[in-house]
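Count residues from 1 along the sequence. Only this structure's heavy atoms are used, side chains among them; waters, hydrogens and symmetry mates stay out.
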Amino acid sequence: MSRWSRDWRDSGVVQGRRSRWAVVGVAVGLAALLATTGVPIRGRTAAAASGAAAVGGAAAAGGAVLVPLVPCRLLDTRDGSRLDPQADLTIDVSGRCAVPVGASAVALTITVTGAVAAGFVTVYPSSTSLPLASNVNVAAGETRADGAIVALSGDGRVSIHSNVATHVVVDVSAAFVAAGPAGAAAGRFVVTAPTRLLDTRVTGAALGVAASVRVPLPATIPVDAVAAAVNITAVGSRGAGFLTAYPAGLPRPLASVLNVDGVGQTRAAGSVVTIGPRGLAVYSSAGTDLVVDLVGYFTGPSAPMSGSGLFVAASPLRVLDTRRDRSPLAAGDSVVVASQVPPGTSAVAATWTMTNSSAAGFVATFAAGADLPATSTVNAETGRQTVANFGITAASIEGLEAFSNAGTDLVVDVSGWFTGQPAVPAATKIAAAGDAVCAPASAITTTTCHHRAVSDLVVGDPAIRAFLGLGDLQYEVGALAAFQTEYDSTYGRFESITYSAPGNHEYATPGASGYYAYFDRGPGVDGRGYYSVDLDTRWHVVALNSECTVVSCSAGSPQLTWLAADLAATNRPCVIAFWHRPRFSSGVHGDAPEMTEIWRVLQAAGTELVLAGHDHDFERFDPLGFDGKPASTGIRSFVVGTGGKDQRPFATVRAGSAVRLTGRFGVLELELGADRYSWSFVGEDRNVLDEGSGACS
């Protein structure tokens, strides 16, 4: 698990501090949609379709725009008999409830009630076979509701499948019709940053029995916008009942978006809601606190013509099921749900299902590589629960990402996507230095013991997401008592974002026991000192142990065997490696030829950067091969032994050395982008002393 801690803002359900960026798996990209199979929720055995050709057949031809509707009831089996288990019920949609003839998809709310056992319901275009997907999951006797965007068959129908005997209620709130060749003005989806529109726990104005509240929209949403994509959460329900969302100022329709079964429940549902100039209204039949989160809106007639924000519907498709490879998300984990999306995709419509939840908690979804939002997508009220929620999630060029605060298996079923430019994640900023902290009670002079000033550079920059400690972090012998005093009061201020490698001074204490005891919450704590982490969805970082007389660095050694396997297994395109003794250096210690085989393996894997310390100076090398010669496939390396202990002169200038600085303390800062990186060596006076950029291929 990543050890980066950040504030988790109020999700509507849970608050706390959790880690980020521990990625537990990668699903197939949406560009290969129907190549995925999986185990259905609650054990359903229907097989998924296979073959990429099925995507074109299942998806609507071209994009569609939203047509807002007054919420309207299409089906209520309580007027007749329950659905039989494993039965499929087909209903006409086109031409009913003002759904235009020829519509390609509809936005629905599906309510399951009176189920005789735990089970699920799937809604899909009636012209296709039953997909491996689900929309709503229920326990016996529960009433659960969720939204969906469902493609229509060519004759305007949908089919409803239930694996248990149950009643089903279906309400429609919007339709999607084909856009013209030039796109459209109205009805296009615009992604917004997840925004909390209302939280009655904050306002102190919970909804009473049979009460409504108007939910105004931000001023950034045009007044003629026709619909909004929202997540509506009932928190601390006062009793069994339902919630209805509809355009503010209009009569409340016979429809619902969310149901609760009793007192004290927290339930959420994603929905596409028609809005008016005054926003939307939400009605509660039984009373509850209410949270409403916005993820985007659909344009009105004043918007310009464009081909962005058009909906492409598909038959439901499972793109992730962590139960398949037994890789549930642990507390604080995030997973890249789709490592690729179709070109020109701005957002994805999907049902997100938590199952086997380890405790009450939530999953938040967002564009891969973006910051964790202040809103959640799906919430489990207890452990061992299965609960689904629909959501439209923004996409980045890296796909979608989901974060779990409490641990769960996660199942993701996609029903379509919106055209437009995917987001480009901001670069990840990190810092690195070694040879850092003087022994306790050492005198500070103009040339020694500047570790507090250097550590202040990291403390003072909140954009820095990780710090790489390049060994010899605590002098003179790396004793635990020294780590607990001098190091802890300086570099220890950002220990939660630190990834470290041991140096020779740490091993002056037998077994580097002080080092391993201090960093006991981090990776590599088993005495080997080598491990790897994923900084983000693009960059993989490998920490290695260069004390080769203790942990062998030779070909065939456990460290080399592990390294080759780790590099082969990562799906990150860009790699950084760091350790203490530099393979190449013009400093007084010079080259460390014992690192040759490690360099050979890293070079063969296309590693971009290697960072080391040991020599108390700053030096940058042009890309070199494992043999020390310039090479187009070589690795750019840095010596950053400038963490504060002291500075030393250079000796013989090594071939390939591009920049050498001594007498200056500071940190190397790296900005890691999708396909490029940049570096800056920043002195303790905050002046940039060296900078440049390179490509990640």
Inset, instruction - Determine whether V121 and I160 make a side-chain contact, defined as any pair of heavy atoms from C-beta on separated by less than 4.5 Å. - result: yes

Inset, instruction - Enter the distance from Y124:OH to N135:CG here, rounded to the nearest 0.5 Å. - result: 11.5 Å

Legend entry - Flag, side chain of T419 to backbone of G307, donor-acceptor distance under 3.5 Å: yes

Legend entry - Side-chain heavy atoms of P253 within contact of T244, under 4.5 Å: yes

Legend entry - Validation row: R238, V209 side chains within 4.5 angstrom (heavy atoms): no

Inset, instruction - With the side chain counted from C-beta on, respond yes when R144 and N137 share a heavy-atom pair under 4.5 Å apart, and no when they do not. - result: no

Legend entry - N/O donor-acceptor pair under 3.5 Å between T166 side chain and T113 backbone: yes

Inset, instruction - Mind running side chain to side chain contact (heavy atoms under 4.5 Å, CB included) on T365 and L400 for me, showing each step along the way? - result: CA-CA 7 Å; T365 66; L400 314 177; over 6 Å; no

Legend entry - Any donor-acceptor pair under 3.5 Å from R214 side chain to R278 backbone: yes

Inset, instruction - Would you check, one step at a time, whether the test side chain to side chain donor-acceptor pair (under 3.5 Å) holds for H167 with T77? - result: CA-CA 5 Å; H167 284 296; T77 65; 2.8 Å; yes

Inset, instruction - Could you walk me through whether V65 and L310 pass the side chain to side chain contact (heavy atoms under 4.5 Å, CB included) test, one step at a time? - result: CA-CA 6 Å; V65 293; L310 307 181; 3.4 Å; yes

Legend entry - Donor-acceptor contact below 3.5 Å, side chain S237 vs main chain G262: yes

Inset, instruction - Please report the shortest heavy-atom distance between P422 and T345, naming the atom on each side. - result: CB-O, 3.2 Å

Legend entry - A364 backbone acceptor or donor facing T375 side chain under 3.5 Å: no

Inset, instruction - Find out whether S173 and T109 are in side-chain contact, i.e. whether some heavy atom of one side chain is under 4.5 Å from a heavy atom of the other. - result: no

Legend entry - Side-chain donor or acceptor of R465 paired with backbone N/O of A463 under 3.5 Å: no

Legend entry - Check: S358 side chain, G407 main-chain N or O, donor-acceptor pair, under 3.5 Å: yes

Inset, instruction - Would you check if the side chain of N389 reaches a backbone N or O of G270 as a donor-acceptor pair within less than 3.5 Å? - result: yes

Legend entry - Test item: V541 and Y499 side chains (from C-beta on) under 4.5 Å apart, heavy atoms: no

Legend entry - Rounded distance (nearest 0.5 Å) linking atom CG of L329 with atom CG of L410: 6.0 Å

Legend entry - Electrostatic pair D146:R267 at N-O distance under 4.0 angstrom: no

Inset, instruction - Answer whether the closest heavy-atom distance between the side chains of V295 and T393 falls below 4.5 Å. - result: no

Legend entry - T322 and D409: CA distance, side-chain angles, deciding distance, side chain to side chain donor-acceptor pair (under 3.5 Å) verdict: CA-CA 6 Å; T322 63; D409 272 308; 2.5 Å; yes

Legend entry - Expected output: side-chain T299 to main-chain G187 donor-acceptor under 3.5 Å: yes

Inset, instruction - Could you walk me through whether F519 and E495 pass side chain to side chain contact (heavy atoms under 4.5 Å, CB included), step by step? - result: CA-CA 8 Å; F519 291 106; E495 189 268 338; 4.2 Å; yes

Inset, instruction - Could you walk me through whether T111 and F242 pass the side chain to side chain contact (heavy atoms under 4.5 Å, CB included) test, one step at a time? - result: CA-CA 10 Å; T111 304; F242 65 89; over 6 Å; no

Legend entry - K429/D461 ion pair, N-O < 4.0 Å: yes

Inset, instruction - Could you pull out the closest heavy-atom pair between I464 and L457, with the gap in Å? - result: CD1-O, 4.3 Å

Inset, instruction - Taking D413 for its side chain and T351 for its backbone only, find out whether a donor-acceptor pair lies under 3.5 Å. - result: no

Inset, instruction - Would you please classify the geometry between the F467 ring and the F494 ring as parallel, tilted or perpendicular, with 30° and 60° separating the classes? - result: perpendicular

Legend entry - Value rounded to 0.5 Å, distance of CZ in F176 from CZ in F418: 5.0 Å

Inset, instruction - Could you pull out the closest heavy-atom pair between N379 and F362, with the gap in Å? - result: OD1-CB, 3.2 Å

Inset, instruction - For the pair D456 and R493, find out whether any cationic side-chain nitrogen is under 4.0 Å from an anionic carboxylate oxygen. - result: yes

Inset, instruction - Measure the shortest side-chain to side-chain distance between F298 and P68 over non-hydrogen atoms and say whether it is less than 4.5 angstrom. - result: no

Legend entry - Q421, CD atom: more than 12 neighbouring heavy atoms under 6.0 Å: no

